[in-house]
Colleague: 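Quick one: the structure is below, questions incoming.
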Amino acid sequence: MRITIIGTGYVGLVTGACLAEVGHTVLCVDNDPRKVELLRAGGIPIYEPGLEELVQRNVGIGRLGFTQSTAEGVEKSDIIFIAVPTPPQADGSVDLSYIEGVAREIAISLTRYRIIVDKSTVPVKTAEKVAETIRRYCKTKVEFDVVSNPEFLREGFAVQDLMKPDRIVLGVNSPRPETAMREVYAPFKAPIIVTDTNSAELIKHAANSFLALKISYANALSVVCESAGANVLEVVRGMGLDERIGTRFLNAGLGFGGSCFPKDISAFIHISSQLGYDFRLLKEVQNINSEQMERFVKKIADTLWVIRDKRIGVLGLAFKQNTDDVRLSPAIDLCQRLLREGARLRVHDPKAMEKAKAVLPPGDQVEYVGDRDEVPEGCDALVIATEWPEFAALDLARARRSMTTPIVVDGRNLLDPAQMERHGFIYKSIGR
Ligand code: UGA
């Protein structure tokens, strides 16, 4: 099928590449000329495992192309996906101006029946608004359908999540677009849930909020475990093996961050309130998340006594493993808090150092270190801030020798307390 994707961010680019990979002809539209040029030349603006090969292969065989022109995208395809940003606003609501702008652009180029698919994460009733906008701005009376098809990919595992999804959600308000959408997704062999557009939009916010709730639950448990002298990892395993609960997304740590959970929870609280419901449960999920970070900084301060002028090594800058994304990263938040306390930082991340420099500029207070095992040198404490698996393989003997004082504060429970004790470290982690 001929498919256009408007917006080549994480969601748009990965969706475009994967749809091309399974045999569709895909045209990706982006209004940033530098991005389009880079992608045409085989470059990738983000780090995402497996994406570069996918893009290069499909560009090479002519199944994936890039353009700046929405009109060309609308003209050439039967199905048009919208995958533009929906950034948060100060009051927790979502800025839908990019979606509205794209809906108007589509409207003025519409000359025959098209299916317009909303992939961006949006508040309930957005599909209805998109349809209304297209009707309003379309010069001629052309038929079209708007579908809601939320995305569930995780950064760092996006290609894998898209190629092997748990489920595909299609929100349709009439039977006509369902057949075509089923054809788009036929190669993926995943269960397809067909519902109305409002329910599909709610599924996305409900799913992300529930996952964040699991994390806050684990973080709250970690506080009780610490006070009780219990081990949160064992408590979570013991409860999670009940199939109704599941062990995933129950890792206590520095709290959740990134461009999705914080924004989506705020949006869901805001939408619920507009619909007349005070979603107190989700407000508490937010509170637990911010308290977790405050508690962690206090843990570092309690161990060092005074943070001012201490040299602290920080392993991890990305908001989680397998990505170079530092948007709303708990690791960056932590670094900024430590800097405000007067610490001097030696920081490292396997992929996110370049992007981190924009929000955490190198200088007297912040030194970027290329080699993970060199970070502890001369440090009064070492902090683990992101769950990169390679941090679990840190050269402990070398770290012990090179640190001024052997203090490790592990915000992701990556290291083994018994092993740390054997190496002579003062080791603090979360909920154990
Ligand atoms: C999340 C969802 O997992 C995806 O299903 C969804 O499609 C995506 O948002 C989206 O809305 O686009 P993502 O933000 O890429 O994906 O990252 P996650 O893997 O969900 O991690 C989010 C945060 O939670 C990270 O800061 C991570 O460190 C933290 N986390 C995760 C924990 O603290 N504990 C856990 O057990 C799991």
Side-chain angles (χ1 to χ4, degrees), residues 7 9-15 46-49 83-88 94 118-123 149-162 164-169 201 203-222 232-233 236-237 239-240 245-268 285-286 288-290 292-293 296 316-334 349 352 384-389 391 410-414 429-431:
Y10 278 97
V11 169
L13 187 56
V14 178
T15 305
I46 49 172
Y47 170 74
E48 190 59 50
V84 294
T86 50
V94 176
D118 187 11
K119 252 224 171 298
S120 306
T121 300
V122 290
N149 171 219
E151 189 44 68
F152 300 104
L153 57 82
R154 293 162 300 164
E155 286 182 26
F157 302 92
V159 171
Q160 178 190 319
D161 284 351
L162 224 140
K164 291 194 175 82
D166 297 335
R167 78 298 203 189
I168 288 155
V169 173
E201 287 163 343
I203 286 172
K204 170 70 189 209
H205 272 134
N208 271 8
S209 298
F210 191 79
L211 290 168
L213 181 148
K214 283 188 92 175
I215 299 169
S216 277
Y217 189 83
N219 284 333
L221 268 182
S222 76
V232 72
L233 293 187
V236 157
R237 196 172 123 75
M239 60 179 260
I245 298 173
T247 50
R248 294 176 72 192
F249 267 70
L250 282 173
N251 295 325
L254 282 186
F256 56 79
S259 63
C260 302
F261 285 173
K263 175 189 86 162
D264 290 353
I265 294 182
S266 298
F268 203 23
V285 168
Q286 289 179 317
I288 293 170
N289 202 49
S290 38
Q292 193 69 359
M293 174 60 78
F296 189 72
L317 297 165
F319 83 99
K320 62 170 193 178
Q321 82 279 32
N322 264 355
T323 179
D324 62 351
D325 195 345
V326 296
R327 287 175 293 172
L328 289 192
S329 166
I332 298 283
D333 183 12
L334 174 68
D349 189 283
I384 299 181
T386 307
E387 62 271 43
W388 282 100
F391 295 160
D410 182 353
R412 296 290 176 184
N413 287 343
L414 279 185
S429 54
I430 305 273

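Order of appearance sets the numbers: ligands from 1, and atoms from 1 within every ligand.
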Colleague: What do we get for Lys119 next to ligand 1 when only non-hydrogen atoms under 4.0 Å count, side chain, backbone, both or neither?
Modeller: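 Neither part.
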
Colleague: Among all protein non-hydrogen atoms, which one is nearest to atom 1 (C) of ligand 1, and what is the separation to 0.1 Å?
Modeller: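 Result: Phe261 CE2, 3.5 Å.
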
Colleague: Please name the pair of heavy atoms, one in Ala385 and one in Ala331, separated by the smallest distance, quoted to 0.1 Å.
Modeller: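 Taking every non-hydrogen atom into account, CB-CB, 3.6 Å.
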
Colleague: Check whether any heavy atom of Gly258 sits under 4.0 Å from an atom of ligand 1.
Modeller: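 Checking ligand 1 against Gly258, which is what was asked, there is no heavy-atom contact under 4.0 Å.
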
Colleague: In the protein, what heavy atom is nearest to atom 19 (O) of ligand 1, and what distance, to one decimal place, separates them?
Modeller: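 Answer for atom 19 (O) of ligand 1: Lys320 NZ, 2.9 Å.
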
Colleague: Check for me whether Arg167 meets the cation-pi criterion with Phe152, that is, NZ or CZ under 6.0 Å from the six-membered ring centre and within 45 degrees of the ring axis.
Modeller: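 Arg167 over Phe152 ring: yes.
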
Colleague: Can you classify the ring geometry of Phe261 versus Phe249 as parallel (below 30°), tilted (30 to 60°) or perpendicular (above 60°)?
Modeller: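 Rings of Phe261 and Phe249: perpendicular, over 60°.
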
Colleague: Among all protein heavy atoms, pick out the one at the shortest distance from atom 3 (O) of ligand 1; state its residue, atom name and that distance to 0.1 Å.
Modeller: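 Of every protein heavy atom, Arg154 CG, 3.4 Å lies nearest to atom 3 (O) of ligand 1.
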
Colleague: Tell me: protein heavy atom nearest atom 34 (N) of ligand 1, and distance?
Modeller: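 Answer, as residue, atom name and distance: Asn251 O, 3.0 Å.
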
Colleague: Show the nearest heavy-atom pair for residues Pro262 and Leu328, with the distance to one decimal.
Modeller: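 For Pro262 and Leu328, the tightest heavy-atom pair comes out as CB-CD1, 3.8 Å.
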
Colleague: Mind checking whether Gly253 has a heavy atom under 4.0 Å from ligand 1?
Modeller: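 For ligand 1, residue contact (heavy atoms, under 4.0 Å) with Gly253 is absent.
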
Colleague: Got Ile245 and Leu250 here, is their nearest side-chain heavy-atom distance under 4.5 Å?
Modeller: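 A side-chain contact exists here, since the closest heavy-atom pair is under 4.5 Å.
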
Colleague: Which of the listed options, Ala252, Cys260, Gly411, holds the heavy atom that is closest to atom 14 (O) of ligand 1?
Modeller: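 When every heavy atom of Ala252, Cys260, Gly411 is considered, Cys260 comes closest to atom 14 (O) of ligand 1.
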
Colleague: Can a donor-acceptor pair be found, under 3.5 Å and without considering hydrogens, that links the side chain of Thr386 to the backbone of Ala318?
Modeller: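 Yes: the side chain of Thr386 pairs with the backbone of Ala318.
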
Colleague: Which residue supplies the protein heavy atom nearest to atom 31 (C) of ligand 1, what is that atom called, and how far is it?
Modeller: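 I find the closest protein heavy atom is Ile215 CD1, 3.5 Å.
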
Colleague: State whether the shortest distance between N or O atoms of Pro330 and N or O atoms of ligand 1 falls below 3.5 angstrom.
Modeller: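 No; every N/O pair is 3.5 Å or more apart.
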
Colleague: How far is atom 6 (C) of ligand 1 from its nearest protein heavy atom, and which residue and atom name does that atom have?
Modeller: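 Looking at atom 6 (C) of ligand 1, the protein heavy atom closest to it is Leu153 O, 3.3 Å.
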
Colleague: Run the numbers for me: atoms of ligand 1, each under 4.0 Å from some heavy atom of Phe256, listed by number.
Modeller: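 With Phe256 as reference, the close atoms of ligand 1 come out as 23 (C), 24 (O), 26 (O), 29 (C).
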
Colleague: Run the numbers for me: atoms of ligand 1, each under 4.0 Å from some heavy atom of Glu387, listed by number.
Modeller: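 Reading through ligand 1 atom by atom, the close ones are 27 (C), 28 (O).
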
Colleague: Any heavy-atom pair between the side chains of Leu254 and Arg412 that's under 4.5 Å?
Modeller: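 Contact flag for Arg412/Leu254 side chains = yes.
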
Colleague: Go through the steps for Gln286 and Ile265 under the test side-chain contact (heavy atoms from CB on, under 4.5 Å), then give the verdict.
Modeller: CA-CA 8 Å; Gln286 289 179 317; Ile265 294 182; 3.8 Å; yes

Colleague: Go through ligand 1 atom by atom and flag the ones less than 4.0 Å from a non-hydrogen atom of Leu250.
Modeller: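 Going through ligand 1 atom by atom, the ones under 4.0 Å from Leu250 are 36 (O).
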
Colleague: Report the nearest protein non-hydrogen atom to atom 5 (O) of ligand 1: residue, atom name, distance rounded to 0.1 Å.
Modeller: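 For this ligand atom, the closest protein heavy atom is Phe152 O, 3.0 Å.
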
Colleague: Quick one: which ligand 1 atoms are inside 4.0 Å of a heavy atom on Glu155?
Modeller: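 Answer for ligand 1: 15 (O).
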
Colleague: State whether the shortest distance between N or O atoms of Val11 and N or O atoms of ligand 1 falls below 3.5 angstrom.
Modeller: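 In this structure, Val11 places no N or O atom under 3.5 Å from an N or O of ligand 1.
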
Colleague: In terms of residue, atom name and distance, what is the protein heavy atom nearest to atom 25 (C) of ligand 1?
Modeller: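 The protein heavy atom lying closest is Phe319 O, 3.5 Å.
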
Colleague: Do NZ/NE/NH1/NH2 and the carboxylate oxygens of Glu48 and Arg154 come within less than 4.0 Å?
Modeller: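 Result for this pair is no, no salt bridge flagged.
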
Colleague: Taking only non-hydrogen atoms of Gln321, do any sit less than 4.0 angstrom from ligand 1?
Modeller: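 Judged by the 4.0 Å heavy-atom criterion, Gln321 does not count as contacting ligand 1.
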
Colleague: At a 4.0 Å threshold, what atoms of ligand 1 neighbour a non-hydrogen atom of Asp264?
Modeller: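 What qualifies from ligand 1 is 11 (O).
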
Colleague: Quick one: which ligand 1 atoms are inside 4.0 Å of a heavy atom on Lys204?
Modeller: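 Those atoms are 6 (C), 7 (O), 10 (C), 11 (O), 12 (O).
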
Colleague: Could you tell me which residues satisfy salt bridge (charged side-chain N to carboxylate O under 4.0 Å, His left out) with Asp118, sequence neighbours excluded, listed by chain and number?
Modeller: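 By the salt bridge (charged side-chain N to carboxylate O under 4.0 Å, His left out) rule, Asp118 matches no residue at all.
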
Colleague: Do Phe319 and Val326 have side chains that get closer than 4.5 Å, going by heavy atoms?
Modeller: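 They are not in contact (no side-chain heavy atoms under 4.5 Å apart), so the answer is no.
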
Colleague: Between Lys263 (side chain only) and Thr86 (backbone N and O only), is there a donor and an acceptor less than 3.5 Å apart?
Modeller: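 Yes; at least one donor-acceptor contact below 3.5 Å.
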
Colleague: Run the salt bridge (charged side-chain N to carboxylate O under 4.0 Å, His left out) test against Lys119 and tell me which residues pass, sequence neighbours left out.
Modeller: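 If we apply the salt bridge (charged side-chain N to carboxylate O under 4.0 Å, His left out) test to Lys119, skipping adjacent residues, the hits are Glu151.
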
